[in-house]
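Side-chain atoms are counted along with the backbone in the values below, which use heavy atoms only and exclude waters and symmetry mates. Since this is a predicted model, take the numbers as computed values, not measurements.
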Amino acid sequence: LNFGSVSENTTTSAMNATLKNTGTGPLTISQIVIGGTNASNFAESTTTCGASLAVNASCTISITFSPTAIASYTANLHVIDNSNNTGSTQTVTLSGSGVVPPAPVASAAPGSLTFASQTVGTTSAAQSVTLSNTGNATLNISGVTFTGTNPSDFAQRASSNCGTTLAASSSCTVYVTFDPTAAGSRG
């Protein structure tokens, strides 16, 4: 069972391994166990297998995967039974990879804006800042704020196209104007 790439510190939905008795008599199941290098990262969540399996009957063993780091994981599901009247072990290989969980990565460019001299009480032409999400998950935007000595001298224009979310691998534009309320250097 290959669980593929799974975010670290999460648990997958179960995948099923099916055991079928193709023999001529009842199959006695003495033990179901997960072993191997990364056995602790795989778990039996449920099973329909009892102590015995009739001829041509099947049962299911459900397994989950929980990677705890960014790495590759392998283990084996072993069903110990009396197959061939000698006792044997049926083995299913378990594998999966722990990967970085989805996360947004925000950046703004340019990192600063410089406005030309502006008459007090008038509004400058808008300058743009591009907000990008280079991550692999949606970025939630709670708002745009201005900081510094005179934040009220700057405003976001209605033509800005950033909403409350920004999809992975996309960008939006914030348009900013300078509206000085006093003479001198403003920031």
Side-chain angles (χ1 to χ4, degrees), residues 1-17 34 36-46 62-77 93-187:
L1 299 176
N2 185 343
F3 288 86
S5 297
V6 177
S7 295
E8 68 176 318
N9 299 315
T10 62
T11 299
T12 65
S13 299
M15 290 183 74
N16 296 325
I34 296 174
T37 307
N38 307 116
S40 64
N41 296 98
F42 298 89
E44 179 185 332
S45 61
T46 59
S62 298
I63 305 294
T64 59
F65 172 50
S66 304
T68 54
I70 300 167
S72 294
Y73 296 84
T74 59
N76 294 301
L77 170 65
T93 301
L94 307 174
S95 63
S97 297
V99 297
V100 175
V105 178
S107 63
S112 65
L113 298 176
T114 302
F115 290 90
S117 294
Q118 187 71 33
T119 303
V120 173
T122 64
T123 300
S124 72
Q127 293 188 30
S128 64
V129 176
T130 300
L131 176 63
S132 299
N133 177 7
T134 58
N136 57 1
T138 299
L139 173 68
N140 292 315
I141 302 171
S142 59
V144 174
T145 59
F146 299 95
T147 60
T149 308
N150 309 105
S152 62
D153 285 359
F154 301 89
Q156 176 183 347
R157 304 317 306 163
S159 56
S160 298
N161 65 3
C162 295
T164 57
T165 61
L166 185 58
S169 301
S170 64
S171 61
C172 63
T173 304
V174 176
Y175 293 98
V176 180
T177 57
F178 176 44
D179 310 294
T181 56
S185 180
R186 311 298 283 169

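Atom CG of Leu1 sits about 9.0 Å away from atom OG1 of Thr93, to the nearest 0.5 Å. In this structure, Asn76 CG and Ile34 CD1 are separated by 10.0 Å, a value rounded to the nearest 0.5 Å. To the nearest 0.5 Å, the span separating OG1 on Thr165 from CD1 on Ile141 amounts to 7.0 Å. A distance of 4.5 Å separates OG1 of Thr12 from CZ of Phe3, quoted to the nearest 0.5 Å.
If you check the side chains of Ser62 and Asn16, you find a donor sitting under 3.5 Å from an acceptor.
With hydrogens and angles ignored, the 3.5 Å screen pairs no side-chain donor or acceptor of Asn38 with any backbone N or O of Ala75. Under a 3.5 Å cut-off, the side chain of Asn41 and the backbone N or O of Ser66 do form a donor-acceptor pair. No donor-acceptor pair closer than 3.5 Å links the side chain of Asn161 to the backbone N or O of Cys172. Although no hydrogens or angles enter the test, the distance criterion places a donor-acceptor pair under 3.5 Å between the side chain of Tyr73 and the main chain of Thr68.
A 4.5 Å side-chain heavy-atom check between Phe42 and Leu77 finds every atom pair outside the cut-off. Counting heavy atoms from C-beta outward, Val99 and Glu8 have side chains that stay 4.5 Å or more apart. Using a 4.5 Å heavy-atom cutoff, the side chains of Ser7 and Pro102 are in contact.
Pairs passing the side-chain hydrogen bond (donor to acceptor under 3.5 Å, both in side chains) check and including a residue from residues 123-138, sequence neighbours excluded, read Thr123-Asp179.
Between Val176 and Phe146, the shortest heavy-atom contact is CG1-CE2, 3.7 Å. Scanning both residues, Thr122 and Thr119, for their nearest heavy atoms gives OG1-O, 2.6 Å.
Using the six-membered ring where Trp is involved, Phe178 and Phe154 have ring planes that are parallel, under 30° apart on the 30 and 60° scheme.
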Table please: side-chain donor-acceptor pairs of residues 180-187 below 3.5 Å, with sequence neighbours left out.
residue, atom, partner, partner atom, Å
Thr181, OG1, Asp153, OD1, 2.8
Thr181, OG1, Arg186, NH2, 3.2
Arg186, NE, Asp153, OD2, 2.5
Arg186, NH2, Asp153, OD2, 2.9

